[in-house]
Amino acid sequence: MSKVVVIDPGHGLPDPGACGNGLQEYERAFALAQLVGKVLTRHGVQVFFTRTGEKSLSSAANLKQNKNEDLAARQRFSNSKATDFFLSLHMNASDDPASNGYETLCYSQNGQITALHTAIKAFLQKHGLKDRGIKIRTNLAVLKVKAKAALLECFFISNPKEAALMKDAAFLLELAEAIGQGVLAAIGIAYVPVKKPTTPQPTPPKEEKKLMKTEDANKIIRILQDRWNASTCQDEKKEMGRLADEVRVAAGMKKVNS
């Protein structure tokens with residue numbers, strides 16, 4: 001049977017989560033979740049999403065009640081599946097716009113969490129981004145599910161540089177690939193990178209086959225030149241020039257007459 005991963009895009013209207021630098025957490029979390037899901041599906045993993053639209057899983061008008069009901073619904077959803085791993089995606093925020101970096105939050109740490117974080121750490125090092133490490137957070141209700149779970153704080157929405165990165169489609173795609181690789185490592189599936197299309201090499205121009213050896217062509221051209229010199233008729237001279245050029249072409253040489 002295939003492995004099952006539940007991906008949880010954080011927040012959902014009426015709760016947008018953190019907001020800053022033209023971004024809203026609920027929207028970026030959803031976009032990232034879709035991309036991570038594609039990585040896992042590519043490897044034969046059965047993927048479920050707690051949230052499939054922009055709204056939360058509660059219809060309550062009161063925001064606090066909505067959030068509580070939403071979290072409880074996410075827990076029930078994950079527990080209703082034979083979930084091998086639960087992944088919640090978020091963005092961090094701070095009053096200090098200089099705060100930066102990525103962190104993995106978990107209810108308890110084991111080899112699965114370490115494997116997940118290690119894959120993402122390699123991505124962070126490649127891009128020179130801060131690794132805030134693995135942090136135990138037993139107070140996070142969304143992590144209190146039956147399956148092993150992790151909540152990823154994917155950079156600071158309040159940091160202009162990191163917000164710009166999370167707006168960049170190519171960066172988001174690469175981040176999703178790294179997260180997917182980490183989840184695969186956590187559930188024991190070998191990661192296979194996407195095959196990049198090879199750049200077609202230009203086809204060299206075909207070398208024209210010579211119909212005549214150069215030395216033979218020069219012999220004929222000398223005969224035509226003698227005929228040209230002896231002639232007093234301009235039409236005949238023109239014809240001799242044309243024939244000489246035809247011989248040159250046959251030998252792979254350039255024409256000299258207009």
Side-chain angles (χ1 to χ4, degrees), residues 4-37 47-81 83 85-108 113 116 120 132-169 172 175-176 179 183:
V4 175
V5 172
V6 172
I7 302 179
D8 175 52
H11 303 278
L13 299 177
D15 172 27
C19 301
N21 293 295
L23 293 182
Q24 292 181 302
E25 183 180 1
Y26 86 98
E27 188 279 327
R28 284 295 82 188
F30 187 80
L32 180 59
Q34 298 302 304
L35 295 175
V36 174
V47 176
F48 295 99
F49 297 93
T50 57
R51 174 165 68 87
T52 55
E54 65 177 14
K55 293 184 179 180
S56 75
L57 305 185
S58 169
S59 58
N62 178 272
L63 184 58
K64 183 177 180 180
Q65 182 184 352
N66 188 292
K67 291 176 72 172
N68 289 336
E69 290 181 359
D70 177 57
L71 286 171
R74 292 171 195 249
Q75 291 172 335
R76 288 195 302 271
F77 181 83
S78 178
N79 292 339
S80 70
K81 310 293 181 185
T83 308
F85 201 87
F86 179 89
L87 181 74
S88 191
L89 299 174
H90 291 254
M91 284 192 74
N92 219 331
S94 171
D95 292 333
D96 180 5
S99 295
N100 65 98
Y102 160 92
E103 58 192 15
T104 298
L105 308 182
C106 58
Y107 194 79
S108 63
I113 299 297
L116 168 65
I120 301 171
R132 299 170 69 92
I134 299 172
K135 297 181 179 179
I136 307 298
R137 292 286 298 274
T138 57
N139 63 320
L140 292 177
V142 75
L143 295 178
K144 296 178 181 180
V145 293
K146 292 178 181 178
K148 195 61 185 176
L151 187 153
L152 312 186
E153 291 284 10
C154 299
F155 312 108
F156 280 73
I157 205 167
S158 50
N159 181 292
K161 176 185 175 183
E162 294 188 343
L165 288 175
M166 291 297 283
K167 289 179 186 178
D168 185 86
L172 204 66
L175 172 61
I179 293 172
V183 174

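Distance check, rounded to the nearest 0.5 Å: NZ of K146 to OG of S80 gives 9.0 Å. Annotation: the span from N68 atom CG to S56 atom OG amounts to 11.0 Å, rounded to 0.5 Å. To the nearest 0.5 Å, atom CG of residue L87 and atom CG of residue D8 are 8.5 Å apart. With rounding to the nearest 0.5 angstrom, the NZ atom of K55 is 11.0 Å from the OH atom of Y26. Here CZ of F30 is found 9.5 Å from CD of E54. Values are rounded to the nearest 0.5 Å. Remark: L32 CG to E27 CD distance equals 10.5 Å, nearest 0.5 Å.
Taking every heavy atom of both residues into account, Q24 and C19 meet most closely at CG-SG, 3.8 Å. The two residues L23 and A163 have their closest heavy-atom pair at CD1-O, 3.4 Å. Closest non-hydrogen pair, S158 versus D96, comes out as OG-O, 4.5 Å. N100 and A98 get closest at one heavy-atom pair: ND2-O, 2.9 Å. Taking both residues in full, the closest heavy atoms of A141 and L71 are given as CB-CD1, 4.3 Å, listed atom of the first, atom of the second, then distance. Pairing each heavy atom of R74 with each of F86, the nearest pair is O-CE1, 4.4 Å.
Of the possible polar contacts, none joining the E103 side chain to the R132 backbone as a donor-acceptor pair under 3.5 Å is found. Judged purely by atom type and a 3.5 angstrom limit, E162 uses its side chain to pair as donor or acceptor with the backbone of G101. No side-chain donor-acceptor contact under 3.5 Å links N92 to the backbone of F155. A donor-acceptor distance shorter than 3.5 angstrom exists from the side chain of N159 to the backbone of S99, with no hydrogens or angles considered.
Using the six-membered ring where Trp is involved, H11 and H90 have ring planes that are perpendicular, over 60° apart on the 30 and 60° scheme.
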Using the side-chain contact (heavy atoms from CB on, under 4.5 Å) rule, take Y102 and I120 through it: C-alpha gap first, then chi angles, then the decisive distance, then the call.
CA-CA 9 Å; Y102 160 92; I120 301 171; 3.1 Å; yes
Assess the residue pair C154 and M166 against the criterion (side-chain contact (heavy atoms from CB on, under 4.5 Å)); give the C-alpha distance rounded to whole Å, side-chain angles, the decisive distance to 0.1 Å, and a yes or no.
CA-CA 9 Å; C154 299; M166 291 297 283; 4.2 Å; yes
Would L151 and C106 count as a side-chain contact (heavy atoms from CB on, under 4.5 Å) here? Give the steps.
CA-CA 6 Å; L151 187 153; C106 58; over 6 Å; no
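Partner L57 forms a side chain to side chain contact (heavy atoms under 4.5 Å, CB included) with one of N66, D70, T52 and no other, that one being D70. The residue from V183, I179, L89 that alone fulfils the side chain to side chain contact (heavy atoms under 4.5 Å, CB included) condition with I7 is L89.
Around atom NZ of K81, more than 12 heavy atoms belonging to other residues, nucleotides or ligands sit under 6.0 Å away. For K135, the NZ atom counts as densely surrounded, since its 6.0 Å shell holds more than 12 non-hydrogen atoms of other residues, nucleotides or ligands.
Residues V36 and V5 have side chains not in contact (no heavy-atom distance under 4.5 Å, counting atoms from C-beta outward). Contact check for P9 versus T50: side-chain heavy atoms found under the 4.5 Å cut-off. Residues F85 and I113 are in side-chain contact: their nearest non-hydrogen atoms beyond the backbone lie under 4.5 Å apart.
At a cut-off of 3.5 Å, with distance as the only test, no side-chain donor of K148 or T83 sits close to an acceptor on the other residue.
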